[in-house]
Amino acid sequence: MSTESAAVVRPAAAPSLTAVFVRLKLTLLRNGLRQSTGRTLAYIASIVVGLLFAAGAVLGLVALRGNAHAGALVVLLTGILTLGWAVMPLFFPTGDETLDPTRLVMLPLRPRPLIVSLLTASLIGIGPVFTLALVVGSVIAVADGPVAAAVGVLAVVLVVLVCVSLARAVATASVRLLTSRRGRDLAVLSGLFIAVGAQGVNIAAQKLGRPDGLSVLEPLGDVLRWVPPASAMSAVEDAGHGAYGRAAAGLALTALALALLLWWWQRTLTTLMTSPDSSTLQAVEKDSARRTGTGERGLARLLPAGRTGTVMLRALRYAWRDPKTKMSWATSLAVGLLVPFVSSVQGRGSIYTAFSASALLGMQMYNQFGQDTSAFWMVASTICTPRDAYQELRARALTLALVAVPYVTLVVIGTAALIGPWSSFIEVYGLSLALLGALLATGALSSALFPYSIPSEGNKNVAPGQGAIAWFSLFGGLLIGAALSAPLLALTLWLHIAGLHHLLWVLLPIGALYGVGVAELGLRLAAPRVARRLPEILTAVSKG
C-alpha cells in the first residue's frame, strides 16, 4: 500500500457510548410497547396519570409560595422523594431492563464512561420527569429573588442527579440479590410496602389538613435541611433570605453526596463486572446446609406425626417460600396490625377494630387448593376417601390456627392497650376467636365448592374467567362467617343490655369453644364434598 493511500485510510470513529445507551433505552421502551395493545394503553395511561398528579403537586407547591412553613414542606418532600428512589430498585427490579449491569459484563467497557452513559439514559422515563416537576415546583415555592432563583437551578440539577444516581447505585450493589429467588420475593412484597406507605400518607394528610398543620413539620425540617439532597432545597430558601453561607454549604453537601454516590456506583460496578458470580453456588451450599442440618428436622418433630404433620410442614414451607403465598400472609399480618394502629393515631378508633386480625387471617383458609397451583395434582393423588380429605383440610386449618391464634391474641392485647378499654378485652378476644373459627369453617366449605386457579406467573391472583367465582367464594364466605358468629354477638349484646357485666368473662371460654366447634363442623361438612368433587376441583385449579 502506498504512503498516500495509507494516509487516507483511517479507522472509523467509534460512536458515542452515551448516544448508544440513549438509543438503547428508547428502543427498549418502543419494543416493550409493541408487545401488546394493552401494555401500550397501560403505559400511556400511566404517563397521563403521572403528569396529572405532577401538575397538581406543582400547582399546590406554587400556591404555598410565601407560606412561612413552605421550606419545611419542600425539604420533607425532597427527603421522601429520595427515599422512594432508593427503594424503587429493591421492589421493582424488573421495571427497567437497563438497571441490570450484568448484561454488559462481556463488553469491553470502562466503568467511568459507562456510568456517564447509564446515568444519561436513566434520565429518560416517567420517574425522572415526575421528579423534575416536583423539584421545580419546590424551588418555585421557596425561591425569593434572583439569587435564590439561580441557586434553585443548581438545586434542581443536583437533586435529580442524586435521586437517579442513588437508584442506580443501589440497583448495582444489590443486583445479585434482585435477580435471585429471594429478590423476586422482595419484589412481591412491594404491595405491602405500598399499602403501609399509603396509610402513612393518609395519616400525614389528616395532620397537615389542620389550620396549623404545616407547623408540625418544622422540627423534622430543621433536621432534614442538612441531609442531602434536601440540603439543596434548603439552600434555595437560605439564598432568598440572604444567608449565602448556609446556601453554599447546602449546595456543597448535595454535590459531595453526588460525588460519593458516583464513586460508590463506579466501585460496585467495577467489582460486579470483574468478579465471578458465585451467588448461585453459595445459595446451593446454604440450602444444602439447611437440608442436612437440624433446623427443619426440629420443626418437623414439633408437629404431629403422620399426614397431619406432613401437610402442616408443607403449608408452612409454602408460606415461607412461595412468593404469592408469602405476599398474602405478609399483607394480612401487616394490615391486621395496621388497622387498629391507624385508628388509634386518628383518635377515633375502637377496640372492635381488632376483629380485622381474625378476618384477614381467616381469609387465608379460602381457596386452599387453588393456592397449591399446579402442584395440587400431587395432593389430589393422596385423597381417596372423605377421611383423607378431612385430614388434609384439618391439617391446613391447624397450620393457619398455629399462626392466627397467637397473632389474634397479640392484636387484641395491643388494641386494648392503645385504644382501650381493658374492660372490653375479654369479650373482644372471645368474639375474635369465634370469628376465626367461623371463617375456618366457611373457608373449608368454600375451598370445596368454589375452587379457582391462581396463576403462578405474573401479578394476577385469579385466572381469567374465574373472577366471579373468586368474588362469590370470598364475600359469600365472609357473610356466612359473620352470620355464624351472630349467636355469640347476640349473647354479648344481651349481657350488656341486661346489665350483667360481671358475666362478660364467660364470652372468652364460650368464644374459644364455639370457634373450635364451628370450625370442626365446617371441616366435617367440607371433607365428603372434596372427596366427591375432586376431579372438578383439580380441573378448576389447573386452568391458570
Side-chain angles (χ1 to χ4, degrees), residues 300 303-319 322 324-325 328-329 332 358-405 407-408 433-454 469-470 472-474 476-478 480-481 483-485 512-542:
L303 299 176
R307 179 176 185 132
T308 300
T310 302
V311 174
M312 292 181 69
L313 186 60
R314 183 188 70 218
L316 290 172
R317 284 176 176 170
Y318 277 4
D322 180 64
K324 288 197 173 182
T325 306
S328 179
W329 274 89
S332 298
S358 296
L360 290 168
L361 264 294
M363 288 167 60
Q364 298 300 313
M365 189 64 189
Y366 288 76
N367 196 35
Q368 277 291 312
F369 306 126
Q371 295 176 19
D372 293 350
T373 62
S374 59
F376 177 65
W377 71 269
M378 301 180 65
V379 177
S381 64
T382 66
I383 299 176
C384 301
T385 64
R387 178 172 176 78
D388 294 335
Y390 169 74
Q391 290 178 341
E392 177 74 23
L393 287 171
R394 184 186 62 181
R396 293 176 183 243
L398 287 174
T399 305
L400 185 57
L402 185 66
V403 178
V405 172
Y407 173 77
V408 169
L433 294 177
L435 177 61
L436 178 62
L439 292 178
L440 290 178
T442 56
L445 284 168
S446 176
S447 298
L449 299 175
F450 306 105
Y452 57 89
S453 176
I454 300 177
I469 298 176
F472 185 81
S473 169
L474 182 60
L478 287 175
I480 297 175
L484 289 176
S485 305
L513 293 175
Y514 184 83
V516 172
V518 73
E520 178 68 16
L521 178 61
L523 295 174
R524 296 284 183 182
L525 293 175
R529 288 164 175 78
V530 170
R532 186 171 60 251
R533 303 184 70 250
L534 195 59
E536 300 173 35
I537 296 174
L538 184 58
T539 302
V541 302
S542 301

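The basis for the numbers below is simple: all heavy atoms, side chains too, and nothing from hydrogens, waters or symmetry mates. Not measured: the values here are computed from a predicted model.
- The OG1 atom of Thr325 sits 11.5 Å away from atom CG of Leu316, with the distance rounded to the nearest 0.5 Å.
- Residues passing the side chain to side chain contact (heavy atoms under 4.5 Å, CB included) test with Leu361, sequence neighbours excluded: Trp329, Ser332, Leu333, Leu400, Ala404, Tyr407.
- In this structure, OH on Tyr514 lies 5.5 Å from CG on Leu484, to the nearest 0.5 angstrom.
- Side-chain atoms of Ser358 do not come within 3.5 Å of backbone N or O of Leu435 as any donor-acceptor pair.
- For the ring-ring contact (aromatic ring centres under 6.0 Å, His included) condition, the pairs that include at least one residue of residues 368-401, sequence neighbours left out, are Phe369-Phe376.
- The side-chain heavy atoms of Thr308 and Leu303, taken from C-beta on, include no pair separated by under 4.5 Å.
- The CD atom of Glu392 sits 10.0 Å away from atom OG1 of Thr310, with the distance rounded to the nearest 0.5 Å.
- The shortest non-hydrogen separation linking Ala434 to Ser485 is O-OG, 4.1 Å.
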Please lay out, stage by stage, how Tyr366 and Thr442 fare under the test side chain to side chain donor-acceptor pair (under 3.5 Å). CA-CA 8 Å; Tyr366 288 76; Thr442 56; 2.6 Å; yes
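- Applying the 6.0 Å contact sphere to CZ of Arg307 captures more than 12 heavy atoms from other residues, nucleotides or ligands.
- Annotation for Ala441 and Val518: closest pair CB-O, 3.1 Å, computed over non-hydrogen atoms.
- Here the CD atom belonging to Glu520 is positioned 10.0 Å from the CG atom belonging to Leu525, to the nearest 0.5 angstrom.
- Atom CZ of Arg394 sits about 10.0 Å away from atom CE of Met312, to the nearest 0.5 Å.
- Ala527 and Ala389 make their closest contact through O-CB, 3.4 Å (heavy atoms, listed as atom of the first residue, atom of the second, distance).
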Could you go step by step and tell me if Val311 and Thr399 meet the side-chain contact (heavy atoms from CB on, under 4.5 Å) rule? CA-CA 9 Å; Val311 174; Thr399 305; 5.7 Å; no
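- Across every non-hydrogen atom of Ala526 and Leu393, the tightest pair is CB-CD1, 3.8 Å.
- When all heavy atoms are compared, the tightest approach of Ile537 to Ser447 is CD1-O, 4.4 Å.
- Between Pro386 and Pro528 the shortest heavy-atom distance is CB-CA, 4.0 Å.
- The shortest distance between side-chain heavy atoms of Val379 and Arg314 falls below 4.5 Å.
- Looking at heavy atoms from C-beta onward, Leu439 lies out of side-chain contact with Met365 at the 4.5 angstrom threshold.
- You'll find the side chain of Thr385 reaches within 4.5 Å of the side chain of Asp388, heavy atoms only.
- Side-chain contact between Arg396 and Gln364 is absent, with no heavy atoms from C-beta onward closer than 4.5 Å.
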